[in-house]
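Reading through the structure tokens given below for one structure.
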Protein chains: 2
Amino acid sequence: MSNLAQQIEFILELDNLKTVKRMTVVKGDGNRQENSAEHSWHIALVAQSFAEYAKPSVDLNRVIAMLLIHDVVEIDAGDMFAFAQQENHAQQEQKEIAAAERLFGLLPAHQGEKLKALWFEFEAAETDDAQFAKGMDRILPVFQNMSNGGGSWLKHSVSKSQVVQRNLFLKTSAPELWQYVLEQIDLAVEKDWLKDL
Amino acid sequence: MSNLAQQIEFILELDNLKTVKRMTVVKGDGNRQENSAEHSWHIALVAQSFAEYAKPSVDLNRVIAMLLIHDVVEIDAGDMFAFAQQENHAQQEQKEIAAAERLFGLLPAHQGEKLKALWFEFEAAETDDAQFAKGMDRILPVFQNMSNGGGSWLKHSVSKSQVVQRNLFLKTSAPELWQYVLEQIDLAVEKDWLKDL
């Protein structure tokens with residue numbers, strides 16, 4: 001198959017991420033569940049908007065590239081709710097690795113390997129770029145739930161410590177945003193949108 | 001208002017692009033209409049996938065930044081079908097300019113002005129980056145319609161010359177893709193998905 005044919009196959013396969021539903025809802029659209037494609041677009045622009053809070057070492061373009069592909073594996077593996085049981089996470093991870101092999105493997109090798117490496121970097125969350133990217137992925141639901149009467153937190157009885165834990169990447173990668181998130185979490189507890197645990 | 005408060009307001013406003021419906025449909029999701037947020041994500045990855053066909057002068061990161069924001073104005077102005085009557089386009093342009101002022105104006109000035117300039121550059125389609133970006137926005141529906149039995153072309157009686165005209169940006173910005181699109185258009189005429197006009 002030519003490079004072009006492979007690239008088109010990958011591009012058409014991406015269409016399927018538009019069918020993967022998340023727990024957060026789109027308030028302006030009858031509270032339908034958000035899908036992972038539109039979520040990926042949104043957090044890429046969150047990163048763009050919040051670039052000034054990142055460490056100087058962070059490369060915004062790499063962060064955006066990571067965020068655009070970070071959920072692509074859900075085409076095969078599905079979305080797992082952020083606050084699902086811990087034992088389910090290991091199984092999900094195996095499914096996602098297989099998905100990364102298959103999906104990025106649709107592309108010509110030089111491209112597929114590059115995107116796969118970027119996806120693994122995001123997952124490992126060790127580099128500054130990956131940590132800032134993770135922070136962007138996790139701060140957006142904070143804004144969405146705070147603007148939507150508690151949203152998926154309230155619906156799924158999420159507790160304060162879970163949200164704190166989930167947003168820890170911000171602590172070093174974007175301290176100003178971390179402070180803001182802590183304030184919002186306290187506010188959410190006051191409003192009974194998060195359990196005080 | 002602090003920078004952060006303004007940025008959060010912009011980010012929450014972006015949620016509304018998820019409610020703007022386009023003519024193309026998501027085949028894997030019961031043929032529902034695609035929205036402009038997920039479309040923007042998709043074409044950013046089209047640009048990523050097709051980077052090798054761009055002129056060497058093209059800056060992929062700027063292209064992706066353009067594609068991520070190019071439809072944001074539709075939050076206020078709505079989506080206009082690509083093949084709508086010509087007289088409606090002028091009115092739409094005025095609405096979009098007002099939308100760009102309001103929406104990018106939500107951000108702190110230094111950021112808003114930068115994104116507004118990027119949006120105007122995309123619209124003017126004069127720079128190499130903007131022409132390649134436009135090409136990406138317009139080639140994706142070709143793949144989607146070809147893989148979906150004619151899709152929005154067939155449904156809205158679109159003609160060959162309209163699709164050729166719409167994809168002209170590829171002719172100089174990505175000649176290899178331009179050749180491919182011409183072949184696909186001929187194939188679509190053969191299949192009666194496009195009128196031979």
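By convention in this document, chain letters (A, B, ...) are assigned in the order of the sequence lines, proteins followed by strands, and residues within each chain are numbered from 1. Only a predicted model underlies this, so the values are computations on that prediction, with no experimental measurement involved. Heavy atoms only: backbone and side chains are in, while hydrogens, waters and symmetry mates are out.
B:N3 touches chain A through backbone and side chain together, each having a heavy atom under 4.5 Å away. Of the atoms belonging to A:E52, it is side-chain heavy atoms, and not backbone ones, that fall under 4.5 Å from chain B.
For CD of B:E101, the number of neighbouring non-hydrogen atoms (other residues, nucleotides, ligands) closer than 6.0 Å is greater than 12. Surrounding NZ of B:K55 are more than 12 heavy atoms belonging to other residues, nucleotides or ligands, all under 6.0 Å away. No more than 12 heavy-atom neighbours from other residues, nucleotides or ligands sit within 6.0 angstrom of NZ on B:K114.
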task = Mind running side-chain contact (heavy atoms from CB on, under 4.5 Å) on B:L68 and A:L68 for me, showing each step along the way?
result = CA-CA 10 Å; B:L68 290 174; A:L68 291 174; 4.0 Å; yes

inquiry  = For a side-chain contact (heavy atoms from CB on, under 4.5 Å) check, start with the C-alpha distance between A:D29 and B:K21, then their side-chain angles and the critical distance, and finish with the verdict.
reply    = CA-CA 11 Å; A:D29 208 14; B:K21 306 288 192 298; 3.5 Å; yes

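When atom types are taken as modelled, the side chain of A:Q48 and the backbone of B:A65 share no donor-acceptor pair closer than 3.5 angstrom. At distances below 3.5 Å, at least one donor-acceptor pair connects side-chain atoms of B:Q111 with backbone N or O atoms of A:S49.
Nearest heavy-atom pair, A:K27 versus B:D15, reported as atom, atom and distance to 0.1 Å: N-OD2, 4.1 Å.
Side chains of B:I11 and A:L45 form no contact here, defined as non-hydrogen atoms less than 4.5 Å apart.
In this structure, B:V26 is not a member of the same hydrophobic cluster as A:I75, with clusters built from ILVMFWY side-chain heavy atoms closer than 4.5 Å. One hydrophobic cluster holds both B:L4 and B:L103 under the rule that ILVMFWY side chains link at heavy-atom gaps under 4.5 Å.
Side-chain contact of A:K18 with B:H42: a donor-acceptor pair under 3.5 Å is present, judged by distance alone.
Interface summary for chain B: among A:L17, A:I64, A:L107, A:I69, the most heavy-atom pairs under 4.5 angstrom belong to A:L17. Interface check for chain A: of the options B:N16, B:L60, B:L115, B:L12, the most heavy-atom pairs under 4.5 Å are formed by B:L12.
Note that CH2 of A:W41 is 13.0 Å distant from CG of B:L67, once rounded to the nearest 0.5 Å. Here CG of B:N61 is found 3.0 Å from CG of A:N61. Values are rounded to the nearest 0.5 Å.
Of all residues spanning residues 118-152 of chain B, those with a heavy atom less than 4.5 Å away from chain A's heavy atoms are B:L140, B:F143, B:Q144, B:S147, arranged by number. The contact list for residues 164-189 of chain B toward chain A, using heavy atoms and a distance under 4.5 Å, reads B:L177, B:Y180 by residue number.
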